[in-house]
Amino acid sequence: MATSKQDSAPPERGGPQLDVSIVIQAKAGDEGAFDKLYLRYFHLIATFLIHLVGDEETGYDLAQNTFVRAWRSLGQLKQPEAFLGWLYQIARNIALDHLRKIKDIYSVSLAPEHEFIEDKKCAGPEEQTIAIDQIKCALAAISQEKYRAALTLYYIQGMSKARTAELLNLTEDTVSTYISKGMQELRAYLLQANQIFTKETDQ
Amino acid sequence: MKRQEPCTEWTELLALRPEDLPPVVRTSLEAHLAVCPICSGINDHYRQIQASLETLPAPVFEPISYAWKLESGPELERSPQQESASSILERYSDYIDSLVRQSAKRIDLDVDELAQRVRFKLWQALENRPIAYPKAYIRAIVKNEITDLARNCALSQPFLEEEGQRLPDSVEGTIEPVLARAITPVSNPFLLWPRDGDKVVVEEMLRDQSSERWQECWEFVRKRVLAGASDIAQHEMDDIVQDIMMRVYKSLSTFRFESRLSTWIFRITQSCIKDVYRKRKRAEQSATALGNPHDAAELEPSIPTPDMLKKAEDLGLLRDELNIGLAALKEFVDTHNHPGRNRMILDMVIVEGCSLEEAARAVKCPPAVAGYIVREAQRFARQKLRLLHEQLELERNIEQADLIIEDLLIIDDSLSTCLAS
């Protein structure tokens, strides 16, 4: 799986280095410069949003909206060097809006991608797919968006604790707490699921 | 596997990547892991989770150059920001007037005064920073002003659903007396407390359950419920107030003073009222969908039109689907462990429309388990429904095949007649 990630995603974990001069050009209204930023950071924002909302298609749509909104309000960005943090903040706001909208539907009828894979004991290459589905379910079941955001940046996008704190506009201590709470919830979910499966299999 | 908690001092550190810890901390952690089997087990599990998270596949979507621009459209282009505050105010003056008039149409408010307040706030904002989308900003100011008025005057404006759809109004026109009351401000003890006084109030409430603050809080909640849910019966209203007070009581110790206490309580009240309306709406919808067939038959005219037949057929199908769905849920409950618990979770979440958290609380299990049960039951029911659809499809195909055979026989007859003649 790691190889496929390398094939399809930008090579650096934690995202490509920010070129402030491009941000300044884009801020001055240069569409070409903004397009460079879009091509460079789309994957990063899309990955973040996909895990935040728990759905791939929606994640792409929201990533697209993030860049549309970013272009519209780029004039308000005061520090070009903080572009990425600002972009993540827009992405989070968009994701929160989306999650609020679907809250009711989400709690009652869940999309098929949130379904648990029942046959946990099947052998062969499917095991990896099952593990991925299981962790996706667990991630989607995390109670608070902020924990999911911290886990996504820190573990999935491979950012450092300091960088995660910077992008989420939090202190490092708060990030540690969020990661810890998120991990506790993931663990509880996975243990509970395993317990249910074991019982059912024994039966 | 029984869930065990790690030692408190290592809880946060265990969740981080070991390589991110300072060398000294890492060494102490390793030493602790060597002697503490619980933390060691948790650490192993965390590393497994970390590995799974790190191997999640990356998106395969390739961004297309300038796609962001195609979607933004001409109307979303950035507005010039060099314009002065006064010229922007002048340009949007009519817009402010019309928006305020429209928003305050149902309420007896001084429109001019409200518009003036909106203008002043816009001017203040423009003086501080450029505003890219003045119209959106004006809309937000108007909304905030009206909300403020609603809070201060116990305004009876019905709450809005998230999509902007209005929740049901009073059925018997009781909205009018409440509107009249809106003009007279109600006494609100919370508004008198200074912001930093909230701490004292909360401490007093936590310390002393017989404090007068609780009585004031109850009165505040009751008035808000009265203003926000005027068409709800008295006994139901008491239940809602009770429910809100319970929520306040349970969560007061976790109040973080990030807002006014009154705002916090107001939000709880608002969400409870929304829940009540949502439940009512769902109940109405399901009552319509499951309407008594005999009643429906009585209402139908004697000669049904093809449209009605189609509708009746759809309704029949819907009823069949519901019956099969319910039977499937029952089967799911009967064939799995903890039938009592599962039945209660499914009843609460699917039938009554409660949230997973509420259901989980009621049966004393983690919300994740409640979610799992609901999803599994839904999947089970979906499979059964799929079978029903397949069966229907098969029947339809057989009917069509019969029709084709009939046509072929007719053609065959005609041909034979032709040949004979």
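No experiment lies behind these values; they were computed from the predicted model shown. Below, chains carry the letters A, B, ... as their sequence lines are ordered, and counting in each starts from 1.
What you find for B/Tyr46 and A/Met183 is that their closest heavy atoms are O-CE, 3.6 Å. The nearest pair of heavy atoms linking A/Ser180 to B/Ala15 is CA-CB, 3.5 Å.
Of the atoms belonging to A/Ile50, it is side-chain heavy atoms, and not backbone ones, that fall under 4.5 Å from chain B. Interface remark: A/Ile135 contributes side-chain atoms only to the contact with chain B (heavy atom separation under 4.5 Å).
Looking at B/Glu54 and A/Ile156, their side chains never come closer than 4.5 Å, going by heavy atoms from C-beta outward. Looking only at side-chain heavy atoms (C-beta outward), A/Tyr178 and B/Glu12 stay at 4.5 Å or farther from each other. The closest side-chain heavy-atom distance from A/Tyr154 to B/Leu16 is below 4.5 Å. Within the 4.5 Å cutoff, the side chain of A/Gln192 has no heavy atoms near those of the B/Tyr372 side chain. Counting heavy atoms from C-beta outward, A/Leu191 and B/His45 have side chains that approach closer than 4.5 Å. Within the 4.5 Å cutoff, no side-chain heavy atoms of A/Leu190 are placed close to those of B/Gln48.
A/Arg187 places no side-chain N or O within donor-acceptor distance of the main-chain N or O of B/Ile49, the cut-off being under 3.5 Å.
Within the model, atoms OG of A/Ser176 and CG of B/Leu13 stand 7.5 Å from one another, a figure rounded to the nearest 0.5 Å. Distance check, rounded to the nearest 0.5 Å: NZ of A/Lys161 to CZ of B/Arg17 gives 10.5 Å.
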**Q.** B/Leu53 vs A/Leu139, side chain to side chain contact (heavy atoms under 4.5 Å, CB included): CA-CA, chis, key distance, verdict
**A.** CA-CA 9 Å; B/Leu53 287 172; A/Leu139 208 55; 4.0 Å; yes
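The neighbour count for A/Asp97 CG, taken as heavy atoms of other residues, nucleotides or ligands under 6.0 Å away, is above 12.
Taking chain B as the reference chain and counting heavy-atom pairs below 4.5 Å, the highest number among A/Leu151, A/Ile179, A/Val175 is found for A/Ile179.
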